[in-house]
Number of protein chains: 4
Amino acid sequence: MSGSVNKVILIGNCGADPEIRRTQDGRAIANIRLATSESWRDRTSGERREKVEWHTVVIFNEALAKIVEQYVKKGAKIYVEGQLQTRKWQDTQGNDRYSTEVVLQGFNAKLEMLDKRQGSGYQAGGSGPGDYGLDEDRATGASSQSSNSQTAGGGNFSRDLDDDIPF
Amino acid sequence: MSGSVNKVILIGNCGADPEIRRTQDGRAIANIRLATSESWRDRTSGERREKVEWHTVVIFNEALAKIVEQYVKKGAKIYVEGQLQTRKWQDTQGNDRYSTEVVLQGFNAKLEMLDKRQGSGYQAGGSGPGDYGLDEDRATGASSQSSNSQTAGGGNFSRDLDDDIPF
Amino acid sequence: MSGSVNKVILIGNCGADPEIRRTQDGRAIANIRLATSESWRDRTSGERREKVEWHTVVIFNEALAKIVEQYVKKGAKIYVEGQLQTRKWQDTQGNDRYSTEVVLQGFNAKLEMLDKRQGSGYQAGGSGPGDYGLDEDRATGASSQSSNSQTAGGGNFSRDLDDDIPF
Amino acid sequence: MSGSVNKVILIGNCGADPEIRRTQDGRAIANIRLATSESWRDRTSGERREKVEWHTVVIFNEALAKIVEQYVKKGAKIYVEGQLQTRKWQDTQGNDRYSTEVVLQGFNAKLEMLDKRQGSGYQAGGSGPGDYGLDEDRATGASSQSSNSQTAGGGNFSRDLDDDIPF
DNA sequence: TTTT
DNA sequence: TTTT
């Protein structure tokens, strides 16, 4: 099917420190429980009410997962852009179960930290936090690649693209 | 919590005719099974591969649900903008189960039909299909309403809002 | 034309305090200069580079404009969701000029403050800052209205819509 | 600045065939004039009204520009996701002028064709149109790269990622 | 200048 | 003109 779009944009707060899992082959995957909320004034009572929604955000990207592990903590406010994915699994009774997650993977995925940097430290590394798009990771790949492709194909668009890559 | 955003944007095709349910108090609710897909060329085999993702879209709006019932059919390509919502329920064995849905409700919800109109007919009604955002309808409703609500001492926000309605 | 979407989503910092103008008929309009930026590491020099983009955000909504005036200050980080609009005007030499702005107006517009509330004060009012979507406010207005408009036989879309308002 | 987002999402119709320009160094750039529109029923007259907005979409990507040149024609309905960019230039009288464009470049850019494929032909090539994300271009780079990274790191996640890359 |  |  063509002409398809699957995009989720969330701004919320982390309910806990991210969990970092590792695949058999050693790749890091970060899981974040993210809370978004809406508030409104109740029509009848006039009271302010709030509804909180919890989302499971899964980051399939080792480099990004590590950054998340390092900088994203419980309570942090973040922006994530990914896609909806529903995973099928079996519970202990053998029933089919489904879990829907917001997956950041590959392109068109993005994560931004929205809290003011306080304190110090992590700026030191030079790379610094901030624009933690998956971009960055792709960038890594893309640039190591580009040194080839550029010379090879001379496509200087890919050159510019690489220049544009965050980092 | 403030500063929260919960937004889903999908473009996909309906897997079946929408289902219209009705709440106890008679409101119509439309359910759409929407498929999005990604395709890519497998690097090793060179074959084209495709991954389809199915989404449950729930439309809590009688008028919109009726429009959906009337014009959205199996196979139709639509744009939906709503929010992620996870609903808890009990299965027959009494286990907690969760279903995540894309909910179109209230503001910041939108539905657009992306297929070319073929044939005729439904334009006749005057209202016509096309921009089936909640927008348009709210606008209509909001304005007829505002003359009342404003006088009624309704929040003067609604007054401003009406002014804000696209022209 | 049907099947149309025009959406802009920005997260950035205000370059100055918002400007509040007023239309002839007394409605407030807020203007914000918003900076977004991208940064990346230059491939050849290894230096970190940054490109800043400035946006003009125009808020056509008296209540929201006032909230903006009150709480959004120079340096504030905000989320805005609106639409692209290009305005034609004449310069002093009589040449046609065009300005493109991000317009928040009517539905499908949203503004969220992303800075942590520090200090005190503005929570007191009860309404509180935070979710300054047009949402909330429309909801208020819309709901007080709905009890009327429904009876009044207002478009039954508005009826549904009101029902749809978050709770 | 960190924590920044600059995103534009449009669904509209092409007002003319795309223009393909070429930079001095031979890279293709596509320009599309895209119309979005809103329609609503006038509150007082009850008439249906429509407001059309024109956008300039600029695609800085040789491969994508060529696909656009080949498949996107006047009247086509497309989805584009890019970012806002304002370009400064001098008019013939030496005045500063600014043009704001929706730029598709690098990551987080996407273009989808939303018209039903009619007729035949272009499906034949095997690659087919459909998901014309910039992804595709990155994919090209990324995959040539991945053949390295995979062997090197064996991370089959990167393998999956690459596999996921459109085209 | 598109589209409905 | 913001922010990091």
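The chains referred to below are lettered A, B, ... by the order of the sequence lines, with proteins before strands, and numbering in each begins at 1.
- Surrounding NZ of K74(B) are at most 12 heavy atoms belonging to other residues, nucleotides or ligands under 6.0 Å away.
- Closest approach to the K116(B) side chain among dT3(E), dT1(E), dT4(F) is made by dT3(E) (side chain taken as heavy atoms from C-beta onward).
- The closest donor-acceptor contact from the side chain of N6(C) to the backbone of L84(C) lies under 3.5 Å.
- N13(D) has its CG atom 4 Å from the C1' atom of dT3(E), to the nearest Å.
- The nearest whole Å value for the distance from the OH atom in Y79(D) to the P atom in dT3(E) is 22 Å.
- The two residues S39(D) and R48(D) come nearest to each other via the heavy atoms OG-NH1, 2.8 Å.
- Computed from coordinates, the I32(D) CD1 to dT2(E) C1' distance equals 12 Å when rounded to whole Å.
- Taking OG from S4(B) and NZ from K77(A), the interatomic distance works out to 6.0 Å, rounded to the nearest 0.5 Å.
- Computed from coordinates, the R49(D) CZ to dT3(E) C1' distance equals 18 Å when rounded to whole Å.
- Separating the CD atom of E38(D) from the P atom of dT2(E) is a distance of 19 Å, rounded to the nearest angstrom.
- Atom CG of L114(D) and atom C1' of dT3(E) are 13 Å apart (whole Å).
- We find that NZ of K73(C) is positioned 20 Å from P of dT1(F), with the value rounded to whole Å.
- The separation between E50(C) atom CD and dT4(F) atom P is 11 Å, rounded to whole Å.
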